[in-house]
Structures are given as structure tokens and as C-alpha cells.
Engineer: 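Sharing a structure here in C-alpha cells format.
What you see below is based on every heavy atom in this structure, not just the backbone, and it leaves out hydrogens, waters and symmetry mates. Keep in mind that what you see is a predicted model, and the values were worked out from it rather than measured.
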Amino acid sequence: MNALEGLKVLELGQLIAGPFAGKTLAEFGADVIKVEPAEVGDPLRKWRMLRDGSSVWWEVQSRNKRSVCLDLRSSEGQEAVRALALEADVLIENFKPGTLEGWGLGWEQLHALNPKLIMLRISGYGQTGPYRDKPGFGVLGESMGGLRYLSGEPGRVPVRVGVSLGDTLAALHGVIGVMMALYHRAAHGGEGQFIDVALYESVFNVMESLLPEYDAFGAVRERAGSALPGIAPTNAYRCNDGHYVLVAGNGDSIFRRLMRAIGRPDLEEEPALRHNDGRVANVERLDAAIEAWTSQRGRDEVLAALDAAGVPVGRIYTVEDIATDPQYLAREMIVEARTSDGRTLKVPGIVPKLSATPGRIAHPAPRLGEHTEALGNAGWPARAVSEGAAK
């Protein structure tokens with residue numbers, strides 16, 4: 001049995017944040033019905049690189065889900081959502097606040113219809129506050145949350161992380177909220193509740209000591225490239241073959257092992273460098289010493305030497321590296337799935353890994369409106385067991 005088997009999830013969101021939350025629940029057995037507009041569907045179907053006119057990203061984001069086409073602006077579509085919400089455990093939406101209320105599908109209306117319903121609401125700025133009505137995308141959440149300002153090289157324009165990290169962080173916070181609300185409902189006999197997730201808050205939540213350092217010292221953390229200010233030594237170091245290695249020698253005992261490995265026992269024994277605060281004060285000197293050693297060696301030699309010394313070290317992975325890495329393969333993080341057209345595609349595996357009820361790819365991403373006819377008038381439709389699955 002899957003961990004979330006029997007859980008009914010109605011997904012009204014599109015693109016990234018809401019659907020990523022639905023994807024995560026579906027991977028652990030939830031029956032996720034995704035509502036899409038007819039003819040065009042979720043815009044993600046046409047995002048990034050297409051194969052035969054369909055996004056390969058879609059195959060990951062919507063695996064295990066079912067697709068029904070409804071016009072949420074019409075009375076018929078709204079009534080169909082109410083019928084599904086009557087039996088659903090969870091409803092996911094990531095429209096601009098107030099949109100569902102305008103369609104008669106807001107929290108108050110659906111809660112009155114189904115008091116056990118849990119509604120996950122993901123938006124740029126949350127359901128309250130002066131910014132609630134502003135359109136918000138992941139890039140804006142990453143900026144407002146403090147991440148964008150820190151990304152890049154000192155003195156240069158702040159850069160964007162190459163994926164929609166703000167959306168994904170919001171989705172994961174949403175899943176956490178859903179699981180808490182489900183536990184409260186089951187363990188405490190509570191009713192359903194709504195979960196208000198803002199993109200910027202999800203990013204801000206992982207910004208570590210950013211705010212207390214500002215409050216205590218007036219410190220505004222700045223861009224630092226590949227280093228991590230206040231923790232030393234940890235950086236990217238150039239090798240003589242043009243590659244870089246990442247070295248994290250910031251633990252006290254690790255630092256001593258690192259200095260021995262690079263032939264610098266003098267730094268290993270220097271009293272001022274025994275702890276992190278002293279190493280931070282001397283970080284430029286330490287970085288120079290480490291790169292003086294790495295720059296005389298190829299990447300593979302550096303990796304082997306520091307691995308042997310028990311120093312955390314790694315290469316900078318491209319997707320080509322990922323696709324063939326033995327650790328990824330051993331933990332089934334690269335899996336071959338079958339798409340709805342019968343073709344195969346390598347896709348990311350399931351995270352997290354549960355020992356007794358692991359997630360799985362049971363069904364391919366659906367064709368647009370593939371399950372609309374199954375709705376009928378009988379409420380939540382049963383899932384056909386004949387649908388395709390992963391190889």
C-alpha cells in the first residue's frame with residue numbers, strides 16, 4: 001500500500017508551484033485529479049523543450065495525475081468542481097487571491113460544502129497584506145525573500161538561479177502544511193483548514209541567519225560568488241585542467257585534515273586557525289593556500305586526494321554528469337518512465353525515500369482531458385487500473 005493511498009486531491013493550479021505540490025502527493029499514492037482548461041491545458045505543456053509538440057517537463061510534473069477539462073468561469077465547470085470538492089480531502093490552487101472567490105469556489109464556500117476539506121493556497125504574496133492582489137511569480141518571490149540579492153559575484157548584477165526555486169520551495173512548504181493539516185484532522189478530530197503559502201515567505205524561511213545578523217549587527221549580507229561568508233574555508237577552487245572543485249573544509253577537524261592533505265602543516269597548527277571565527281578572519285589567506293595546491297593538479301587528482309583524506313570535496317555537476325553518476329543510479333534517482341504515447345523518457349526518481357511505503361511512478365502524465373468523460377454524475381470517479389506505468 002502506498003503511504004497516501006485513498007487520499008483524494010483536486011488540483012486547480014497550473015504551471016509550477018501548485019502542480020509540484022500535487023506531483024509530490026501523487027508520487028506517494030494520492031489520487032490527484034488535475035483540472036485544466038480545454039484545448040490549451042496547463043501552459044506547462046508547452047514550456048521549455050518539446051518532443052512531438054509536448055513538453056518533456058510535463059511528463060515529470062504531472063506523472064500519476066489524471067486530467068479533466070473544465071471551464072472554471074462557467075456555471076457547469078464550477079458545479080463540477082463543487083461535486084469533486086465534496087469528496088476531496090485536499091484542494092490545491094495557486095491563482096491570484098480572490099480568483100476562486102469570484103467563481104464561487106473560495107474557502108468559505110467549499111468549507112461549508114465539505115468541512116473536512118483541506119485547501120492549499122499558494123500565491124506570490126499570500127492571502128492577506130497590502131501586496132495580496134499583486135501578481136507574483138517565482139522570480140519575484142526569490143527576490144523579495146532575499147535570495148536574488150545574494151546570488152552572483154560581488155559588484156555585479158544579481159543573477160537568477162537556473163530553476164524556479166521559489167515556486168518549488170513554496171510547493172514543498174505547501175506539502176508540509178497539507179500533511180500537518182491531515183494529521184490534525186485524523187489525530188485530533190479537527191475539521192479541514194486552509195493553508196496560506198506565499199512564495200516570498202517560503203524563500204525567506206530558508207535564508208538562515210540573514211535577518212538576525214542584520215538586527216544584531218546592522219550587517220547586510222552581500223554577494224560572495226562561490227564562497228559562503230562567515231564559514232571558512234569553503235569555496236570553489238581552480239584546477240590545472242580548467243575545472244573547479246568544491247571544497248568544504250570548515251569543520252575544525254576537517255580543516256586540519258585538509259591542511260595536511262595540501263602539505264600545509266604550518267596552517268594546521270596555527271592557533272588562530274583552530275576554530276571557524278579565526279579562519280574567517282584569515283579566509284583570503286586560506287583560499288589562496290588551497291588554490292595554490294589545486295591549481296597544480298587536475299580535477300580528478302584533487303578529488304582522489306581529498307576523498308582519501310576524508311575532506312568533503314566534489315565536482316561541479318552538469319546534467320550529463322548526473323545522468324551517469326553511480327550514486328544517482330544506485331539510489332534510483334534516474335529512472336526510465338513510459339509516457340502516455342508509449343515512448344520512454346529518463347526522469348528524476350522519487351524523493352524522499354520511505355522504507356515501508358516508498359513512492360512510485362504508477363501512471364504517466366495524462367493527455368489533455370484524458371479523464372474528463374470519467375467524471376459523469378457519480379462524484380469522484382474510480383481510477384482505471386489499465387493505465388500505463390513506469391518501466
Engineer: Just by distance, do the side chain of N94 and the backbone of S123 share a donor-acceptor pair under 3.5 Å?
Structural biologist: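 A pair under 3.5 Å: no.
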Engineer: Is there a side-chain contact between F255 and N276, using heavy atoms and a 4.5 Å cut-off?
Structural biologist: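 In short, these two side chains do not touch, never coming nearer than 4.5 Å.
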Engineer: Atom CD of residue position E284 - does it have more than 12 heavy atoms of other residues, nucleotides or ligands inside 6.0 Å?
Structural biologist: no
Engineer: Looking only at heavy atoms, which two atoms of F20 and L172 are closest? And how far apart?
Structural biologist: CE2-CD2, 3.8 Å
Engineer: Kindly compute the distance separating CG (D215) from OG (S209), expressed to the nearest 0.5 Å.
Structural biologist: 12.5 Å
Engineer: Hey, mind stepping through L375 and L84 against side-chain contact (heavy atoms from CB on, under 4.5 Å) and telling me if it holds?
Structural biologist: CA-CA 9 Å; L375 288 180; L84 291 169; 3.8 Å; yes
Engineer: Mind checking what makes side chain to side chain contact (heavy atoms under 4.5 Å, CB included) contact with A38, not counting sequence neighbours?
Structural biologist: C69
Engineer: Could you check if a side-chain atom of I33 sits within less than 4.5 angstrom of a side-chain atom of H371, using non-hydrogen atoms only?
Structural biologist: no
Engineer: Go through the steps to decide whether E268 and R264 satisfy the test salt bridge (charged side-chain N to carboxylate O under 4.0 Å, His left out), and finish with yes or no.
Structural biologist: CA-CA 7 Å; E268 176 192 357; R264 293 300 303 269; over 6 Å; no
Engineer: For K23 and R63, which heavy atoms make the closest approach, and how far apart are they?
Structural biologist: NZ-NH2, 3.8 Å
Engineer: Measure the shortest side-chain to side-chain distance between W293 and V302 over non-hydrogen atoms and say whether it is less than 4.5 angstrom.
Structural biologist: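 With C-beta onward as the side chain, the pair touches.
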Engineer: Within the side chain of N2, is there an N or O that forms a donor-acceptor pair under 3.5 Å with the backbone of L4?
Structural biologist: no
Engineer: Does H275 form a side-chain contact (heavy atoms from CB on, under 4.5 Å) with D252? I'd like the steps, not just the answer.
Structural biologist: CA-CA 6 Å; H275 303 295; D252 292 349; 2.9 Å; yes
Engineer: Check whether the side chains of S54 and R367 place a donor and an acceptor atom closer than 3.5 Å, and report yes or no.
Structural biologist: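 R367 and S54 do not have a side-chain donor-acceptor pair below 3.5 Å.
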Engineer: With respect to V81, which candidate in L100, V68, L10 satisfies the side-chain contact (heavy atoms from CB on, under 4.5 Å) definition?
Structural biologist: L10
Engineer: Is there a path of hydrophobic side-chain contacts, each under 4.5 Å between heavy atoms of I/L/V/M/F/W/Y residues, joining L12 to W107?
Structural biologist: yes
Engineer: So which of R279, R256, R285 actually passes salt bridge (charged side-chain N to carboxylate O under 4.0 Å, His left out) with E270?
Structural biologist: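 Of the listed residues R279, R256, R285, the salt bridge (charged side-chain N to carboxylate O under 4.0 Å, His left out) partner of E270 is R285.
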Engineer: Spell out, as yes or no, whether a donor-acceptor pair under 3.5 Å connects the side chain of Q78 to the backbone of L72.
Structural biologist: yes
Engineer: side-chain contact (heavy atoms from CB on, under 4.5 Å) with I262: which of T294, V311, I290?
Structural biologist: I290
Engineer: Does D300 pair with R315 as a salt bridge, N-O distance under 4.0 Å?
Structural biologist: no
Engineer: Please determine whether a side-chain nitrogen of the Lys or Arg among E93 and R121 lies less than 4.0 Å from a carboxylate oxygen of the Asp or Glu.
Structural biologist: yes
Engineer: Can you name the closest pair of heavy atoms from G126 and A198 and give their distance?
Structural biologist: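 Closest approach of G126 to A198: N-CB, 3.5 Å.
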Engineer: Hey, are the side chains of P364 and R338 touching, using non-hydrogen atoms and a 4.5 Å cut-off?
Structural biologist: no
Engineer: Let me see the working for L25 and M179 under side-chain contact (heavy atoms from CB on, under 4.5 Å), right down to the final yes or no.
Structural biologist: CA-CA 10 Å; L25 297 173; M179 301 313 297; 4.2 Å; yes
Engineer: Taking all non-hydrogen atoms of both residues into account, name the closest pair between M333 and V351 and its distance.
Structural biologist: CE-CG2, 3.5 Å
Engineer: Would you say the side-chain atoms of Y149 and E222 include a donor-acceptor pair closer than 3.5 Å?
Structural biologist: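 The criterion, which ignores hydrogens and geometry beyond distance, is satisfied for E222 and Y149.
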Engineer: When rounded to the nearest 0.5 angstrom, what is the spacing between CG in N282 and CG in D277?
Structural biologist: 10.5 Å
Engineer: Evaluate whether atom CZ of R260 has more than 12 neighbouring non-hydrogen atoms of other residues, nucleotides or ligands under 6.0 angstrom away.
Structural biologist: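 Correct, the count exceeds 12.
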Engineer: Within the structure provided, determine whether L273 and L286 are in side-chain contact (heavy-atom separation under 4.5 Å).
Structural biologist: yes
Engineer: Would you say that S62 contacts K34 through its side chain, given a criterion of any heavy-atom pair below 4.5 Å between the two side chains?
Structural biologist: yes
Engineer: On a heavy-atom basis, which atom in R66 and which in A382 lie closest, and how many Å separate them?
Structural biologist: NH1-O, 3.1 Å
Engineer: Without swapping roles, check the side chain of N114 against the backbone of A85 for a donor-acceptor pair under 3.5 Å.
Structural biologist: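 Between the backbone of A85 and the side chain of N114 there is a qualifying donor-acceptor contact (under 3.5 Å).
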Engineer: Check E59 with R51, please: is the shortest side-chain N to carboxylate O separation under 4.0 Å?
Structural biologist: no
Engineer: Counting only heavy atoms not in E332, do more than 12 sit closer than 6.0 Å to its CD atom?
Structural biologist: no
Engineer: Taking E142 for its side chain and G166 for its backbone only, find out whether a donor-acceptor pair lies under 3.5 Å.
Structural biologist: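 Here the side-chain-to-backbone pair exists.
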Engineer: Report the C-alpha separation of L147 and M207 in whole Å, then their side-chain angles, then the decisive distance to 0.1 Å, and conclude whether the side-chain contact (heavy atoms from CB on, under 4.5 Å) test is met.
Structural biologist: CA-CA 7 Å; L147 179 63; M207 294 308 291; 4.3 Å; yes
Engineer: Can you tell me how far apart CD1 (I118) and CG (L182) are? Round to the nearest 0.5 Å.
Structural biologist: 4.0 Å
Engineer: Any ion pair linking K65 and E36 (charged N to carboxylate O, less than 4.0 Å)?
Structural biologist: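 Not counted as a salt bridge, because no side-chain N and carboxylate O are separated by less than 4.0 Å.
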Engineer: Find out if a path of hydrophobic residues (ILVMFWY) with successive side-chain heavy-atom gaps under 4.5 Å connects L368 to V40.
Structural biologist: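 Different hydrophobic clusters.
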Engineer: Would you find more than 12 non-hydrogen atoms of other residues, nucleotides or ligands less than 6.0 Å from M180 atom CE?
Structural biologist: no
Engineer: Classify the angle between the aromatic ring planes of Y183 and H188 as parallel (below 30°), tilted (30 to 60°) or perpendicular (above 60°).
Structural biologist: perpendicular
Engineer: Hydrophobic clusters here meaning ILVMFWY residues chained together by side-chain heavy-atom distances under 4.5 Å, can you tell me if L105 and W380 are in one?
Structural biologist: yes
Engineer: Which pair of heavy atoms, one from M119 and one from L110, lies closest together, and at what distance?
Structural biologist: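 Scanning both residues, the minimum pair turns out to be CE-CD1, 3.6 Å.
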Engineer: Are side-chain heavy atoms of P158 and R223 found at a separation under 4.5 Å?
Structural biologist: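 Sidechains of R223 and P158: in contact.
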Engineer: Tell me whether the rings of Y328 and Y317 are parallel (<30°), tilted (30 to 60°) or perpendicular (>60°).
Structural biologist: tilted
Engineer: Do I16 and I195 sit in one hydrophobic cluster, given that two such residues count as connected whenever their side-chain heavy atoms are within less than 4.5 Å of each other, even indirectly?
Structural biologist: no
Engineer: Any chance CD of E208 has more than 12 other-residue heavy atoms, nucleotides or ligands included, within less than 6.0 Å?
Structural biologist: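 Not more than 12 within 6.0 Å, no.
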Engineer: Measure the CG-NE2 distance between L117 and H111 for me, rounded to the nearest 0.5 Å.
Structural biologist: 9.0 Å
Engineer: Scan side-chain atoms only and decide if D321 and T318 contain a donor-acceptor pair under the 3.5 Å cut-off.
Structural biologist: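 A pair is found: one side chain offers a donor N or O, the other an acceptor, under 3.5 Å apart.
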Engineer: Nearest 0.5 Å, please: how far is OG1 in T234 from CG in N250?
Structural biologist: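 One finds 5.5 Å between CG of N250 and OG1 of T234.
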Engineer: Roughly how far, to the nearest 0.5 Å, is CD1 of I334 from CG of D325?
Structural biologist: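 Rounded to the nearest 0.5 Å, the CG-CD1 separation comes out at 8.5 Å.
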Engineer: Which label fits W57 and W47: parallel for a plane angle under 30°, tilted from 30 to 60°, or perpendicular past 60°?
Structural biologist: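 Tilted.
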Engineer: Side-chain contact, heavy-atom cut-off 4.5 Å: E27 with N64?
Structural biologist: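 Result yes, sub-4.5 Å side-chain heavy-atom pair found.
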